[in-house]
Amino acid sequence: MIFKFMRVWKIIRITIRYGIDEIATSGLQVPRTARLIEALLFWRDLSAPRGERLRKALEELGPIFVKLGQVLSTRRDLMPPDIADELARLQDRVPPFDPALAIAQITKSLGAHPDQLFASFEREPVASASIAQVHFATLKDGREVAVKVLRPGMKEAIDKDVALMQIAAGWLETLWADGKRLKPREVVAEFDKYLHDELDLMREAANGSQLRRNFADSDLLLVPEMHWDYCSPSVIVMERMQGIPISQLDKLREAGVDLEKLSRDGVTIFFTQVFRDGFFHADMHPGNILVSTAPATFGRYVALDFGIVGTLNDFDKDYLSQNFLAFFQRDYKRVAEAHIESGWAPKETRVDELEAAVRACCEPIFDRPLKDISFGQVLLRLFQTSRRFNVEVQPQLVLLQKTLLNIEGLGRQLDPELDLWKTAKPYLERWMKDQVGWRGLIDKLKDEAPRYSHIFPQLPRLAHQALSRAATATHNDDMLAALLAEQRSTNRLLRTVVYFGGGLFAGVVAAQLILRFYFGG
């Protein structure tokens with residue numbers, strides 16, 4: 001308990017020391033007494049720009065808060081430019097830890113010093129993020145690689161922050177009217193799961209390998225190859241990728257990259273991951289994406305950092321595709337019906353009322369370029385609608401919602417004129433056609449064929465056995481019926497004999513009594 005108290009106290013202290021309280025309450029009337037208490041209890045220097053103070057506060061608070069800043073950095077429609085620009089530095093310029101600690105981690109995890117494992121190893125990190133940092137190296141066969149090393153003490157730090165989030169979620173669920181509907185404890189549990197998954201770098205390597213295999217034949221996305229002989233839960237070694245960070249728009253233009261095509265390709269990659277594979281990169285902030293400038297792969301996306309991925313089952317994919325298509329076709333009745341059919345909205349919800357509410361939220365955003373649309377306002381109105389109709393938040397889709405925000409932020413930076421809806425609609429229509437048409441049927445048969453291929457040769461024998469059992473059962477039924485009939489006949493005969501014998505015996509006895517009475521015998 002004392003550790004939780006100390007963590008809460010640290011959050012309060014850092015928030016006030018960097019003036020985050022003033023940023024959050026700007027425009028609101030705060031009592032002078034509160035300001036005076038802050039001034040007396042906490043020394044602070046507010047001369048630095050507010051964006052810089054916010055970034056430093058998040059860095060000092062730890063990895064969970066850094067990740068929060070990474071997400072906010074892509075939402076320039078919701079934040080002032082100065083804050084968004086400063087938070088963008090959290091994407092790959094988090095202060096690094098001591099290279100000596102990285103070397104010690106590599107030595108412990110891989111069983112040898114980096115100088116023995118690699119032909120060369122760069123001591124200074126090239127990138128530093130909230131969970132790990134990266135060093136460049138060269139294998140002894142000459143291949144260039146990137147070595148990712150987990151930050152020391154990360155699990156303990158995350159455990160403490162997640163514990164506080166769980167307490168806050170419990171309070172929220174108890175004290176707030178919408179608490180139970182929003183399922184805050186389930187959302188925190190889902191977030192906790194993915195954060196701890198990210199701490200296992202072997203899991204990240206496996207995620208990257210799966211994504212690479214999914215896009216092996218694609219001309220849109222490149223994923224580095226993992227060198228499994230140099231991978232462990234705290235250190236992984238992967239192919240070194242060359243490219244320009246997607247956030248450096250001026251360099252991309254100078255290199256001749258088509259930004260409009262890049263923005264459309266990003267939408268296609270996202271929907272391909274979600275609907276074709278049900279397996280998507282769920283941490284797509286600009287610090288994790290490069291654009292290849294190599295001649296053979298010029299203009300392709302390069303994905304990095306696979307610690308957080310999302311998965312969707314067939315039910316989720318079907319539900320989402322129906323909703324997306326209904327949105328694109330402005331079929332708000334179908335959207336309302338899908339929410340009720342899936343159980344997200346109560347069964348007693350009136351379809352026409354939910355339809356009207358969704359129409360009011362979404363109709364204004366169509367036929368407008370992305371730069372003129374505030375998805376923040378749309379999400380806020382949808383939240384108000386869901387509150388009115390008691391629509392439950394689905395924890396398994398939290399990562400998908402987060403990724404959609406990242407995609408919007410990237411699209412806005414690359415091509416403000418991008419129409420997200422028109423770009424995505426043809427892809428979804430093709431996907432639905434493949435799912436419900438003849439091609440979908442054939443693909444499903446191909447998927448099922450290996451499972452049933454060993455059964456097909458046995459079908460004649462299985463059919464013969466089934467027919468034999470049926471014939472035997474019929475024969476047995478006939479025999480049983482005959483036995484029952486015979487038993488019924490026997491029973492009737494026995495009853496006749498009993499009745500006749502009983503009557504005869506009674507007659508003999510009666511005759512004897514009569515004879516004795518009359519003749520004295």
Side-chain angles (χ1 to χ4, degrees), residues 3 59-67 70 90-162 192-212 223-243 245 281 283 287-288 290 302-309:
F3 292 107
E59 290 174 350
E60 193 168 337
L61 285 171
I64 290 183
F65 295 88
V66 168
K67 286 200 166 295
Q70 291 172 350
L90 294 172
Q91 291 162 1
D92 57 0
R93 286 186 284 181
V94 177
F97 57 88
D98 189 346
L101 295 175
I103 291 175
Q105 185 81 281
I106 294 171
T107 304
K108 178 181 178 181
S109 299
L110 302 183
H113 193 278
D115 291 341
Q116 297 174 310
L117 294 170
F118 306 105
S120 64
F121 178 82
E122 297 182 11
R123 263 59 177 176
E124 291 303 315
V126 294
S128 181
S130 56
I131 298 295
Q133 68 184 28
V134 178
H135 297 256
F136 283 157
T138 304
L139 296 179
K140 292 185 177 181
D141 61 6
R143 288 179 293 177
E144 294 182 334
V145 296
V147 183
K148 186 170 185 177
V149 186
L150 190 69
R151 281 180 176 269
M154 284 303 305
K155 186 178 185 303
E156 293 78 7
I158 287 179
D159 285 343
K160 292 176 182 178
D161 281 344
V162 169
D192 181 24
K193 172 182 176 296
Y194 285 108
L195 274 176
H196 280 84
D197 286 349
E198 194 173 7
L199 294 178
D200 184 354
L201 296 189
M202 280 293 285
R203 185 184 294 267
E204 175 178 346
N207 291 339
S209 180
Q210 177 68 54
L211 191 63
R212 176 183 172 88
V223 180
E225 178 185 3
M226 299 295 162
H227 297 285
W228 292 106
D229 292 340
Y230 301 91
C231 292
S232 75
S234 56
V235 177
I236 58 174
V237 177
M238 68 189 80
E239 176 187 2
R240 180 177 174 180
M241 308 301 288
Q242 305 287 347
H281 192 306
D283 199 16
N288 288 338
L290 305 177
V302 179
L304 305 172
D305 194 345
F306 315 102
I308 300 180
V309 298

Run the side-chain donor-acceptor check on residues 99-110: report pairs under 3.5 Å with partners two or more places apart or on a different chain.
unit_1	atom_1	unit_2	atom_2	d
T107	OG1	I103	O	2.8
S109	OG	Q105	O	2.9
S109	OG	S234	OG	2.5

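- Here CD1 of I236 is found 13.0 Å from CZ of R203. Values are rounded to the nearest 0.5 Å.
- For F136, the ring-ring contact (aromatic ring centres under 6.0 Å, His included) criterion is met by no residue, not counting sequence neighbours.
- Taking the side chain as every heavy atom from C-beta outward, M238 and R212 never approach each other to under 4.5 Å.
- For the pair Y230 and L139, the minimum side-chain heavy-atom distance is below 4.5 Å.
- Aromatic ring pairs are classed by plane angle as parallel below 30°, tilted from 30° to 60° and perpendicular above 60°; the pair H135 and F121 is parallel.
- Between D305 and E204, the closest side-chain pair of non-hydrogen atoms falls below 4.5 Å.
- A 4.5 Å side-chain heavy-atom check between P125 and V134 finds every atom pair outside the cut-off.
- Annotation for A205 and M226: closest pair O-CG, 3.6 Å, computed over non-hydrogen atoms.
- The shortest non-hydrogen separation linking H281 to A303 is CD2-CB, 4.2 Å.
- Here the straight-line distance linking atom CG of N207 with atom CG of D283 works out to 11.5 Å at 0.5 Å rounding.
- Side chains of T138 and R240: no donor on one and acceptor on the other come within 3.5 Å.
- Ion pairing between a basic and an acidic side chain is recognised when a charged N comes within 4.0 Å of a carboxylate O; R143 and E225 show no such pairing.
- Taking every heavy atom of both residues into account, Q133 and F97 meet most closely at OE1-N, 2.9 Å.
- For the pair M202 and W228, the tightest heavy-atom approach, listed with the atom from each and the gap, is CE-CZ3, 4.1 Å.
- The minimum heavy-atom distance between F118 and K140, with the atom names listed, is C-CG, 4.2 Å.
- Sorted by first and then second residue, the pairs that involve residues 115-125 and meet salt bridge (charged side-chain N to carboxylate O under 4.0 Å, His left out), not counting sequence neighbours, are D115-R123.
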